[in-house]
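Just so it is clear: chains get the letters A, B, ... in the order the sequence lines come, proteins before strands, and each one is counted from 1.
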Amino acid sequence: MREITLSKAVNEAIAEEMRRDETVFLLGEDVAEAGTPFKILSGLVEEFGTERIIDTPIAEPGFMGIAVGAAMTGTRPIVDLMFGDFLFLVMDQLCNQAAKTHYMSGGKLNVPLVLRTNLGATRRSAAQHSQSLHALVAHIPGLKVALPSSAYEAKGLLKSAIRDNNPVVIFEDKLMYQDKAEVPEEEYLIPFGVANIKRPGTDITLVATSSMVQVAEKAAGILNSDGISAEIIDPRTIVPLDEETILNSVRKTSRAMVIDEGHQSYGVTAEIASRINERAFYHLDAPVIRMGAMDVPVPFSPALEDLTVPTPEGVAHNARKLVRGELVHAA
Amino acid sequence: MREITLSKAVNEAIAEEMRRDETVFLLGEDVAEAGTPFKILSGLVEEFGTERIIDTPIAEPGFMGIAVGAAMTGTRPIVDLMFGDFLFLVMDQLCNQAAKTHYMSGGKLNVPLVLRTNLGATRRSAAQHSQSLHALVAHIPGLKVALPSSAYEAKGLLKSAIRDNNPVVIFEDKLMYQDKAEVPEEEYLIPFGVANIKRPGTDITLVATSSMVQVAEKAAGILNSDGISAEIIDPRTIVPLDEETILNSVRKTSRAMVIDEGHQSYGVTAEIASRINERAFYHLDAPVIRMGAMDVPVPFSPALEDLTVPTPEGVAHNARKLVRGELVHAA
Amino acid sequence: MSPVPAKTNTEDYIRMYTQMVRIRAFEDNANQLYLSAKMPGLTHMYSGQEAVAVGMCEALEDSDKITSTHRGHGHCVAKGADFQQMFCELLGKEEGYCRGKGGSMHIADQSHGNLGANAIVGGSMGIATGAALTAKRLGKDDVTVCFFGDGATAQGLWYEVMNMAALWKLPVIYACENNGYSEYTKTHEIAAGSLTARAEAFGMEAFNVNGQDVLAVNALTQKLVARCRMGEGPFFIELKTYRYHGHHVGDINREYYRSKDEEAHWKSEHDPITNFGEWMLSEGIVNEDELGTISDAVMADAEAAVAYALDAKYPNEAEVDMHVFAPNA
Amino acid sequence: MSPVPAKTNTEDYIRMYTQMVRIRAFEDNANQLYLSAKMPGLTHMYSGQEAVAVGMCEALEDSDKITSTHRGHGHCVAKGADFQQMFCELLGKEEGYCRGKGGSMHIADQSHGNLGANAIVGGSMGIATGAALTAKRLGKDDVTVCFFGDGATAQGLWYEVMNMAALWKLPVIYACENNGYSEYTKTHEIAAGSLTARAEAFGMEAFNVNGQDVLAVNALTQKLVARCRMGEGPFFIELKTYRYHGHHVGDINREYYRSKDEEAHWKSEHDPITNFGEWMLSEGIVNEDELGTISDAVMADAEAAVAYALDAKYPNEAEVDMHVFAPNA
Ligand SMILES: Cc1ncc(C[n+]2csc(CCOP(=O)(O)OP(=O)(O)O)c2C)c(N)n1
Ligand SMILES: Cc1ncc(C[n+]2csc(CCOP(=O)(O)OP(=O)(O)O)c2C)c(N)n1
Ligand SMILES: [Mg+2]
Ligand SMILES: [Mg+2]
C-alpha cells in the first residue's frame, strides 16, 4: 500500500470532505496561501478558494466563536488552531458554548464543528508551544476527543470528525507530521469509540495514546527481547472511550500501564487507569501504572525537555518490574 | 467557639491579610460598593478604599492578565472571579502565563496571586453557572488548588493562599456561603498539602472534596446506622495533595471511595483513585470507587439537576456494596 | 416620536405595540413567579427596554437570526416565541423551548431564528458573527442581530469579531442596549471613551438611537437590515435605554447604586409603551378602547400560559443524559 | 532625521547607535547559530526594527518595565541585557537569563525591568498593564512599555486592558510595532479600520511615528514617559517598521507573500542603523572610524559571547522539576 505523511493524510481528509460536502469550510491563521506554518494545508486554497479556506486575524477566541455560530446555522467549520497551547484562549467558546449548546437547547441546536490542533513536546518550543492539553477538553461533557497515532488514524478519524454532528477536538502530534504510514487510496472512515489493538500480546497491556503509541511500540520491542509479550491498545478516541477493548485485554494480561503525553496528574492516564481498576480489579495481578508527562511546564533546554516525556526505555523498565511482580511505586 | 458563615470567613481572611500586608489588593466585578453579588466582600471597600478593592469592567481575561503583571512586580492581587464557569475565559492568562512564569524565568520571577472563585451545582443556575472546574487547573503544573469544605477551611486556606508565593486557585462552594462553622477569633492558617481527617472510621475511607465533605458526612451517618464505620478524609488542597494521610487511611480500611463535584470523567476522582491504586493496591480489598458529577452539562430543570451530583444516599449505597464485597460496577 | 418609517401602516404599529405589551406582561408574570417562589433560580427582567427588542426584531424576517443575553426574554418574545413554551422553560418543564434544560438564561427558539440567550456576558458575539458568515457563505439573505449590554462591551471578544466582520463584510448588526448599568455599576465607570468610536475604529458605520422610541429603532434597523442584505454590513447601533427592575429579580435594595428618583423619572417620562400608545392615540391610529383590548388579551394570554406551565410536567429523569451528544445519521 | 530631542548629547546618540548595532549583531549571530544547527528550536529575528526598541528603551530607566514578544531579542538588548546570558539562554544553557528553561521566546531580564518575552501573541498586554497598576498603587514612578506587533492588535485582550488602563489612568505605553506582517499575512488583510483610532476610542491619546527613526521614536517616548510619570497615561504609539528576515529563521522562501524588491527597498532606504549613522556623520557627531570602532567592538563582544555560550554547560538534570513552585518563606 502507498505510504503518506500524517500531514498529507490530514490534507487529503479535508480535501475529500470539502469535495463531498459544500458546507464544510476551514478557518484559522495563515491557512490559505501559507497552508499553515506546518504546511499541512498546502494546495487547499487553490482548490477551494478563500471563501472556504479562510485566513483569520490572530484572534483565537473570536474565530472559535464564529465557528460555533457558523456550525449552529448549517455549516461545518473546521477550526485550525495552530498550537494546542492556544486552547486556553478558546476554552470559553469551546466549553461554555459549543459543548453545551445541544444539551442546553434540549437537543434543538447542533454544533457540528471540528477543532484541529496539536500536542507534543521535544520540539524545543518551550512551555507555551509544547503542551498536550487533551485531558482538559476530555473533562467537558459534550466534546468528543480524538487522538490519531499515525497518518492512517489521522485521516480516518478526521473524516469521521468532520461528519460528526457534535463538536470534536482532534489533536495531531506535531512531531509526527512528517512520519509516513500506509494509507489506502480508497476512502475509509475510522469510527469513534473503537480502540485499535496495535500489537497483540499476552503478558501486559500497554494502553497508549497519540505520540505514545510509537513509544509503546518501541518499548514492546525491547520487552520482546526480554521474553515479555506486550499488547498495545490505542484508544484512538478518549471521548468516547472504548472501555471494552481495553478491559478485555487487561482481563487477559492481568497487568496494565497507561501512557499519555499530557501531564500525569489529573490527566488522561488517571481516567483510563481508574476505569481499568474499577472494572477489572479482580483480574489485576498488580496496580495499573501510569506514565504521563512530568508535572512541570515544558522546559526549553534540550537537556531538560527530553526528561519530561515517557521514553521507550522508561516504559520498558516499568513494564518489566510489573511483570516481575516488583513494585513500581514505593508502597 | 463562635460560629460564622463561610461568606464571613472569606471576608475576614481578606481583611486580615490586607491589614497585615499593604501589597495585598483585590479586583473583580462589582466587588466594591456591591461587595459581589453574593455580598461576600461587604465592608471591605469602606475599610480599604477603591484603590485596594477595585471594581473592574466585565473583562475576565483582561483583569486576570493585569493581576499577573501586578503580581510579577511586587504586589499580591486577589482576583475575584464571580463564577467558576468563567475560568474558561481566564485560562490563557492563568495557565499559559501565571502558572509558567516562575519556571520559564528559571525561578527569577514570581506570581503570587490568588484566584478566588466558586463551584457547585443545584442552584438552578444552568450549565454556564454551575460547573465545578477545579480538575482543569489541577492538571496545570505551577498552580496550587485549594478546596475549602467549610467556613473554617475557607478562612485558613485563603489566608495561606494570599501569603503563598505562587498562583493559587481557591474554589468556594457557592451553596455553602451561608453555612456556619466554628471559626476561632484568633488568627490561624491552614497549611497546603495537609489533609484533614474529618471523621475517623475503620471500615471504609471516603475521600471527599469541598461540597462533597458534607455529603460524605451525611453518608457516614447513614452507614453508621448500618454498623459501617466510615473514615472521611478531606484533602483540602488537591495540589499539593496529601497522599500520605489518604494512603494511611486506606491501608487501615482496605476500601476507598473518592467523591468530588466535578464531572467524573477525566476529573479529580480519577487522580486520587489512581494514586490509591498505585500505592495501596495490595491493601485494597475492593476497587476504589469514584463518584463525580454526571458527565452532562448541568441542566436547569430541578427535576434533572439534582440527579447530576452525588448524594448521601448514593454514597452510602455504594459504600455499603463495597464493604459487603459486592461489585459496584459490572465487571 | 420619530418620523414615520418606511414600513408604515396601522397593522405594523399595532403589532409593535402589542409585542411591547407582551414583553412587559411576560416579565411581570415571571417576576411574580419568582416572588411567589414558583420559579427555580433567578431571572433578569427586560421591562423598560421593550422598544429595543421590538423595534429591531420587527425589522427582521423569521429566517433572520438573533443572539440574545442573560436578559433575554424580550428578544425571545419579540422574535416570535410563544408564552407557553417560554414559561414552561422558565419553570424547567418538558414542554419548554429547551425541554427545561436551558432555563431563562439559555432560552432559544430556533424556529424563529433566536439562537439563544447566553449566560456568559458577551458570549454570543462570536455566535452572531458566525451566523452572519453562514449567510454570506451560503449566499442567503439572512441578517443577524447581536444583542448585548453596555457591560458586555468590555469583553475582548467583541473587538475580535468586529474586526473579522468588518474585514469580511458580514451581514451582522451589533446592537448594544445601553441601559446605563452593568449589574450594580454605572456604565461610565466601566467604559472609557466612546462606544460608537470603538466600532468606527474598525471601519464600521455606527449609530446612536433612542432605545425608548420603537419607531426610531425600527426605522434605523430597517435601513441597516436592507443595507446588510446588499452586502454593506456590518453595523453598530448603540441604543440608550433603561431597565426598570433590579439587575435580577433578587436585586431589591438598590438605592446604593441607583436612586428611586432616577427610576421614577425613566418610568414616567420615557416609558416606551406609554409613549408609543400616546402617540398612536394622538395620531388617531387607535383609541383607548383598542389599547385596552390589546392589554387585556395579552394579560389573559400570559395568565393562561403561566397556569399551563405551572401544571405542566417536568422532564423525565431519563432525560438527564440525553442531548449531551447529537446523534449521527 | 527628526528634530533633536530633549535628552540631547553625543553620548546618548552614540549609545543609541551602539545599542542598535548590538541588536543587529545579536540577531546575525543567532541566525548563524540556527543555520549551523547549533541552536535548538526556532527564533524570530528583530533585525530591521532596532530603532523601535532602542528609541523607546533609551527613554526608560532600569526601574521602568517592559513586556516583550516572540520577537523579543531586540527589546531585551535595548533594555540592558548582556550578550552572554542571552546567548546562553538561546542555547538552553544553565547560565542563561532563565537557566535555559525559557529560551528565545521567554527570555526575561528582571534586573533591567524586562518582564519577559511571550510566545502567546498579545499574551503580555495584561502583564504590562498590571505592572503599571503596581506602579500606581505603590506610588512608584515607573512606566511600563508594552511591545507588540500589528498582528497582536487582533487579540481581544488588548481592548480589555486598554479600557482599564484608560479608566484607571495607568502609566503604560502600548507600543505597536507595525512591521507590515503577521507571519505570512499583510497587515491590511487582518486589521480593519485604523489602529490609532482603536486606541483613541478608549479616550487614549494615540501617536504615529516612523519606527525607523531612532531619534523620533526616542523624542516621542521621552515626552510620553514624562507625561505618564505625571499621571497623564496611558498612551498608544504605532511605529511603522519592517522585519528583514522571514517570520522566523526557518521562513526562507517567502516570495509568495513578500517580494524581494520590497525587502531590498526597506534595507536600502530605511535602515535605521545606516540612516542614523549617516546623520551622525553629517552632523559631525562621529567620524567613520569611530563608527567602525563601535561595530568592531560589538562584533567581538558577540562572538565572544557565542563562543562562551557554546561551551557553557546545560542545566543539571535535577533542575527539571525545580522552579515549578516558588518557595515560601
Ligand atoms: C463572562 C461573565 N462575566 C460576568 C457575568 C456576571 N454578569 C451577569 S450580567 C452582568 C452585567 C451585564 O451588564 P450588561 O452587559 O450591561 O447587561 P445588562 O445586565 O445591563 O442587560 C454580569 C457582570 C457573566 N454572566 N458572564
Ligand atoms: C495566541 C497566538 N496565536 C498565534 C501564534 C502564532 N504566531 C506567532 S507570531 C505570529 C504573528 C505575530 O504577528 P505580529 O504581532 O505582527 O508580530 P511580528 O511577528 O510581526 O513581530 C503568530 C500568528 C501565537 N504564538 N500565539
Ligand atoms: Mg447594562
Ligand atoms: Mg507584525
Legend entry - Interface moiety of Ile58(A) toward chain C, non-hydrogen atoms closer than 4.5 Å: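 It is neither, since no heavy atom gets under 4.5 Å.
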Inset, instruction - Below 4.5 Å from any heavy atom of chain C, which atoms of Val168(A) appear? Answer side chain, backbone, both or neither. - result: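 Nothing of Val168(A), per the 4.5 Å heavy-atom cut-off to chain C.
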Inset, instruction - Determine yes or no for a side-chain-to-main-chain donor-acceptor pair under 3.5 angstrom, with Asn166(A) supplying the side chain and Ala326(C) the backbone. - result: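 Indeed, once roles are kept as given, a pair shorter than 3.5 Å links the two residues.
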Inset, instruction - Cation-pi check, Lys108(A) to Tyr97(C): give yes when NZ or CZ is under 6.0 Å from the six-membered ring centre and within 45° of the ring axis, no otherwise. - result: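 Relative to the ring axis of Tyr97(C), which defines the angle, Lys108(A) lies outside at least one limit.
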Inset, instruction - Hey, could you give me each pair passing side-chain hydrogen bond (donor to acceptor under 3.5 Å, both in side chains) that has a residue in residues 158-168 of chain C? Not counting sequence neighbours. - result: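 For residues 158-168 of chain C, and leaving out neighbouring residues, the side-chain hydrogen bond (donor to acceptor under 3.5 Å, both in side chains) pairs sorted by first residue read Tyr159(C)-Arg198(C), Asn163(C)-Arg198(D).
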Inset, instruction - Heavy-atom pairs under 4.5 Å with chain C are the metric here; pick the option from Glu51(A), His102(A), Lys144(A) that has the most. - result: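 Heavy-atom pair counts peak at His102(A).
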Rounded to the nearest 0.5 Å, how far apart are [atom1] of [X] and [atom2] of [Y]?
X: Thr73(A); Y: Gln110(C); atom1: OG1; atom2: CD; value: 12.5 Å
X: Leu115(C); Y: Ser105(A); atom1: CG; atom2: OG; value: 10.5 Å
X: Thr75(A); Y: Arg137(C); atom1: OG1; atom2: CZ; value: 6.0 Å
X: Leu27(A); Y: Met164(C); atom1: CG; atom2: CE; value: 8.0 Å
X: Arg99(C); Y: Tyr103(A); atom1: CZ; atom2: OH; value: 11.0 Å
X: Leu143(A); Y: Phe325(C); atom1: CG; atom2: CZ; value: 7.0 Å

Legend entry - Most chain A-contacting option - heavy-atom pairs closer than 4.5 Å, from Lys65(C), His106(C), Met162(C), Lys140(C):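 Of the options given, most contacts go to His106(C).
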Inset, instruction - Under 4.5 Å, counting heavy-atom pairs only, tell me which of Ser111(C), Gly130(C), Gly116(C) racks up the most with chain A. - result: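 The answer is Gly130(C).
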How close do [X] and [Y] get, counting heavy atoms only, and between which atoms?
X: Pro57(A); Y: Leu167(C); answer: CG-CD1, 3.8 Å
X: Met72(A); Y: Ile127(C); answer: SD-CG2, 3.8 Å
X: Leu109(A); Y: Ala108(C); answer: CD1-CB, 4.1 Å
X: Asn328(C); Y: Arg163(A); answer: OD1-O, 4.0 Å
X: Gly106(A); Y: Lys101(C); answer: CA-CD, 4.3 Å

Legend entry - Residues, nucleotides or ligands: over 12 heavy atoms within 6.0 Å of Glu46(A) CD: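 Counting other residues, nucleotides and ligands, CD of Glu46(A) exceeds 12 neighbours.
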Measuring heavy-atom distances to chain A, does [X] have an atom under 4.5 Å in its side chain, in its backbone, in both, or in neither?
X: Leu138(C); answer: side chain
X: Met105(C); answer: neither
X: Asn118(C); answer: side chain
X: Val320(C); answer: both
X: Glu89(C); answer: neither
X: Ala132(C); answer: neither

Legend entry - side-chain contact (heavy atoms from CB on, under 4.5 Å) assessment of Phe63(A) paired with Leu133(C): CA-CA 11 Å; Phe63(A) 64 76; Leu133(C) 178 62; over 6 Å; no
Inset, instruction - Under 4.5 Å, heavy atom to heavy atom: which of residues 87-101 of chain A reach chain C? Give them by number, or say none. - result: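 Residues in range: Asp92(A), Gln93(A), Asn96(A), Gln97(A).
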